[in-house]
Amino acid sequence: MKASVIGRMLTITFHGHACFTLEANGHRLVLDPFLTGNPAADIPVDRLAKVDAVLLSHGHGDHLGDAIPIATRDGATIVATAELAKFCGQRGATTHAMHIGGAHQFPFGRVKLVPAFHGGQVEGDESGRFTTNPCGIVVTVAGKTVYHCGDTALTLEMQLLADQVDAMLVPIGDNYTMGIADAVRAVEFVKPRTVIPMHYNTWDVIKADPEEFARGVGARAQVVVLRPGQAHTLA
Ligand code: NI
Ligand code: MN
């Protein structure tokens with residue numbers, strides 16, 4: 001295979017709940033690394049391969065998760081909204097603070113933070129000083145753009161991403177986030193090539209059938225249902 005072809009491939013691996021790793025061009029990123037205490041996780045945190053960066057959608061425990069220990073172990077940078085980055089930085093992690101609407105070019109690719117409608121408390125912040133706006137993460141690596149919605153309601157802001165996304169990682173579990181019907185509308189708004197459901201079946205309260213979601217999306221996008229530990233490559 002020619003190097004130019006390899007350079008255009010991006011592998012997305014699901015680790016349960018809202019945790020994914022992205023691998024391309026010798027770089028590895030982890031998004032929302034909730035492994036310890038995650039009943040759906042396929043691996044314990046000590047089996048997560050070394051990452052370059054940890055990208056966080058928000059500070060809830062099921063997203064912040066193992067971010068700080070992973071970042072300190074691997075010398076990886078935590079990329080998050082400024083308040084959450086500050087919280088992680090004060091606990092020993094290398095961080096890069098950003099905020100919603102802003103993008104930054106990193107060695108591994110480009111990250112833009114986009115709106116998400118959700119709660120902003122940071123797990124472990126007894127002071128309340130680090131409460132922040134949750135976000136969605138738009139990350140472009142190897143010419144492929146992945147949109148991790150984070151925990152969010154359906155929002156019209158998603159329409160701003162129309163036709164810019166190769167793979168959309170969308171919550172379908174309801175209760176805390178969009179359920180299936182709203183997630184299908186989110187796919188209509190964003191028009192991704194591929195959509196991967198997340199944030200469901202971790203606990204009973206977010207029980208959802210990914211095949212029902214796939215039927216709802218129909219021909220609007222390729223729906224890839226990943227079990228924890230499974231991967232999908234965008235070529
Ligand atoms: Ni949350
Ligand atoms: Mn969550």
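Hydrogens, waters and symmetry mates are skipped; everything else that's a heavy atom, side chains included, is used. Counting starts at 1 for both ligands and their atoms, following the listed order.
- Within the coordination shell of the Ni ion (ligand 1), defined by N, O or S atoms under 2.8 Å, His118 is present.
- Counting only N and O atoms by type, the side chains of His148 and Ser57 include no donor and acceptor under 3.5 Å apart.
- Contact detail for Gln121 and His60: the closest heavy-atom pair is O-CD2, 3.3 Å.
- For CZ of Arg73, the number of neighbouring non-hydrogen atoms (other residues, nucleotides, ligands) closer than 6.0 Å is greater than 12.
- With the Ni ion (ligand 1) at the apex, His60 ND1 and Asp151 OD2 define an angle of roughly 170° (rounded to 10 degrees).
- Legend: protein N/O/S atoms lying under 2.8 Å from the Mn ion (ligand 2), waters omitted, number 4.
- In this model, a donor atom of one side chain and an acceptor atom of the other lie less than 3.5 Å apart for Gln222 and Thr194.
- Looking only at atom types and distance, the side chain of Thr77 has no donor-acceptor partner in the side chain of His96 under 3.5 Å away.
- Across every non-hydrogen atom of Gly119 and Pro134, the tightest pair is O-CG, 3.3 Å.
- Residue Cys135 comes nearest to Ile100 through the heavy atom pair CB-CG1, 4.0 Å, listed as atom of the first residue, atom of the second, then distance.
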